[in-house]
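Inspection log for the structure reproduced underneath, given as structure tokens.
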Amino acid sequence: MNVLIIGSGGREHALAWKIKQSQEVKRLFIAPGNAGTMTLGQNLPLEVNDMAQLRAACIEQDIQLVVVGPEQPLVNGIVDFFRNDAMLKDIAIIGPSASAARLEGSKAFAKDFMAEFGIPTAGFIRVNLNNIDEGIDFLRNAKPPFVLKADGLAAGKGVLIIEEREEAEAELSAMLRGKFGKASETVVIEEFLKGIELSVFVLTDGQHYKMLPSAKDYKRIGENDTGLNTGGMGAVSPVPFADRHFMDKVRQRIIEPTIGGIAARGMDYRGFIFFGLMNVNGDPYVIEYNVRLGDPEAECILPRIKGDFAQLLLACHEGRLQEVKTELDDRHAVTFIMASGGYPGDFAKGKTITGLQDVEDCHLFHSGTSICVENGNIKTAGGRVLALTALDYSIQEARTKALSNLSRISFEGAYYRRDIGLDLIKWHYI
Ligand code: AMP
Ligand code: GLY
């Protein structure tokens, strides 16, 4: 079978690496990919939201399986586009339809879905310019901090957590008046949930689901969770505090009602669900749904999944998920992101990366890299540049292995958090 992976980050490199191991896979394409994915297959210089170009590539390369990495093409309706095209309709495309992708693409839609199916989440109100007074009342009756969310996709910047009520009221007004463009024409105001976050992943065919490994990601740029939010600076899997008892609650209260809701509404959903959860004193609440794998979570969890991943994805598309057994590597995976200096603010690109060939006994995934055509050097091409994952029998050993490998890689301005997983080590002893 020929496979196309859409996207260009560490998540897509990890997907390409995992899928490439399948005996069934003949040719592998990544659109647009990066300097890492080109060692596994052929990069196609296409834009992830350009459906006409992707269509032509699928026909030309006789693609049978498509895996969509990022959310934007899913929210734009790439799955519907494939299903409704005579030439593409038999391709197994992994991801939800546009209407189901609203679980990520519209926070108000996701909240209404959770309310309808009794899925635990923070109390909320949806506000637009017509009921701004109700929003102000909600803020006056709530305790700080205040959580304001742009309804639509806002490049990961649409969530504001504010301490002062007056500032929250002013931000609410700014958001409704276009601070995030159309994305904040509707705003969801939520209660603040105090707890510890984790990410839970499943693959669903719309009726059944397979649990994938869980992960904790580290969103802030600075050590000890300080500084600006990023796409994610590292991840750990499994999550030590997500024990069997807690995960039973996650399954019963969250995953099963979500799949039940998808089936009850007749949504066409054959893809990944990423549950962003808060553990509040041992009880799970949904912070958000994402309709894809996370980045860097994918780089952390895919190395822990055993077996033929391409077969698993095909079974998902054909509604046969319950027939497939998945096994996990029970070692601990720790992923560190090496980023460009200045990220998540402005940063330079085009810095030569050295030491990549010295990495041993780790998975090195490229996030933002490119290759220099003249001399074959690998250069930085994004904020997050590399994702390095080590597996070992404890978080501590995996950390040590990853850190010793990271010290062999360098480029001007390289930055990484050294504390990934450090806060979780104590859970081994409780
Ligand atoms: P989101 O874009 O929905 O993932 O939100 C970004 C981050 O804001 C989350 O990862 C949480 O850390 C935080 N957050 C969002 N909603 C809440 C909430 N209701 N209570 C506490 N923290 C939240
Ligand atoms: N690491 C969080 C995300 O991919 O959304």
Side-chain angles (χ1 to χ4, degrees), residues 7 9-12 14-15 68-72 74-75 103-111 114 119-126 138-139 142-163 168 175 180 183-184 187-201 214-221 225-237 239 272-281 283-302 335-337 339 344 365 367 383-384 387 417 420:
R11 168 181 52 207
E12 288 75 21
L15 279 166
V68 186
E71 62 278 13
Q72 192 72 57
L74 295 166
V75 171
L103 286 171
E104 175 164 359
S106 164
K107 303 231 187 246
F109 176 87
K111 286 301 233 183
M114 287 185 259
I119 296 162
T121 187
F124 72 102
I125 181 172
R126 58 150 91 200
F138 188 95
L139 290 173
K143 283 200 280 294
F146 306 99
V147 184
L148 304 182
K149 300 186 172 183
D151 175 49
L153 293 183
K157 299 195 180 358
V159 175
L160 301 179
I161 298 183
I162 300 170
E163 289 296 333
M175 287 172 88
F180 298 103
S184 64
V187 171
V188 170
I189 312 179
E190 272 186 20
E191 287 168 1
F192 182 81
L193 294 173
K194 198 164 165 43
I196 178 160
E197 282 183 75
L198 73 157
S199 308
V200 169
F201 298 91
S214 303
K216 180 176 189 295
D217 83 339
Y218 292 76
K219 289 201 170 79
R220 301 298 191 92
I221 188 70
D225 293 326
T226 52
L228 293 174
N229 250 329
T230 71
M233 291 301 293
V236 174
S237 174
V239 184
F272 301 104
I273 311 179
F274 165 169
F275 299 85
L277 304 182
M278 189 73 88
N279 174 343
V280 183
N281 299 321
D283 288 318
Y285 288 79
V286 177
I287 296 265
E288 61 168 351
Y289 288 114
N290 295 304
V291 297
R292 53 177 171 83
L293 289 181
D295 191 341
E297 291 93 330
E299 296 94 300
C300 196
I301 68 169
L302 287 170
T335 302
F336 288 77
I337 293 286
F365 300 115
S367 301
R384 293 188 292 172
R417 272 180 69 164
I420 305 301

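Please read these numbers as outputs of a predicted model, since none were measured by experiment. Remember, it's 1-based here, ligands and their atoms both numbered in the order they're listed.
Taking CZ of Arg126 as the start and CD1 of Ile189 as the end, the distance is 12.5 Å to the nearest 0.5 Å. Within the model, atoms CG of Leu228 and NZ of Lys157 stand 9.0 Å from one another, a figure rounded to the nearest 0.5 Å. One finds the CG atom of Leu302 at 10.0 Å from the OG1 atom of Thr335 (value rounded to the nearest 0.5 Å).
Asp151 meets the side chain to side chain donor-acceptor pair (under 3.5 Å) test with Ser106; sequence neighbours excluded. The side chain to side chain donor-acceptor pair (under 3.5 Å) test applied to Ser199 returns Glu297, not counting sequence neighbours.
A donor-acceptor pair under 3.5 Å links the side-chain atoms of Thr121 to the main chain of Val286, judged by distance alone. A donor-acceptor pair under 3.5 Å is formed between the side chain of Arg220 and the backbone N or O of Gly227. With hydrogens and angles disregarded, a donor-acceptor distance shorter than 3.5 Å links the side chain of Arg11 to the backbone of Leu293.
The pair Glu190-Lys107 fails the salt-bridge criterion, with no side-chain N (NZ, NE, NH1 or NH2) lying under 4.0 Å from an Asp/Glu carboxylate O.
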Tabulating one pair per line, provide the atom names and distances (0.1 Å) for every N/O atom of ligand 1 that is less than 3.5 Å from a protein N/O atom.
residue  : atom   : partner : partner atom : Å
ligand 1 : 3 (O)  : Lys107  : NZ           : 3.3
ligand 1 : 3 (O)  : Glu288  : OE1          : 3.2
ligand 1 : 4 (O)  : Glu288  : OE1          : 3.1
ligand 1 : 4 (O)  : Glu288  : OE2          : 2.7
ligand 1 : 10 (O) : Glu197  : OE1          : 2.8
ligand 1 : 10 (O) : Lys219  : NZ           : 3.1
ligand 1 : 12 (O) : Glu197  : OE1          : 3.4
ligand 1 : 12 (O) : Glu197  : OE2          : 2.4
ligand 1 : 16 (N) : Lys149  : NZ           : 3.0
ligand 1 : 19 (N) : Glu190  : OE1          : 2.6
ligand 1 : 19 (N) : Glu191  : O            : 2.9
ligand 1 : 20 (N) : Leu193  : N            : 2.8

Just list the N/O pairs, ligand 2 to protein, that are under 3.5 Å apart, with the distance for each.
residue  : atom  : partner : partner atom : Å
ligand 2 : 1 (N) : Asp217  : OD2          : 3.0
ligand 2 : 1 (N) : Gly231  : O            : 3.1
ligand 2 : 1 (N) : Asp295  : O            : 3.0
ligand 2 : 1 (N) : Glu297  : OE1          : 2.9
ligand 2 : 1 (N) : Glu297  : OE2          : 3.4
ligand 2 : 4 (O) : Arg292  : NH1          : 3.1
ligand 2 : 4 (O) : Asp295  : N            : 3.0
ligand 2 : 5 (O) : Arg292  : NH1          : 3.4
ligand 2 : 5 (O) : Arg292  : NH2          : 2.9

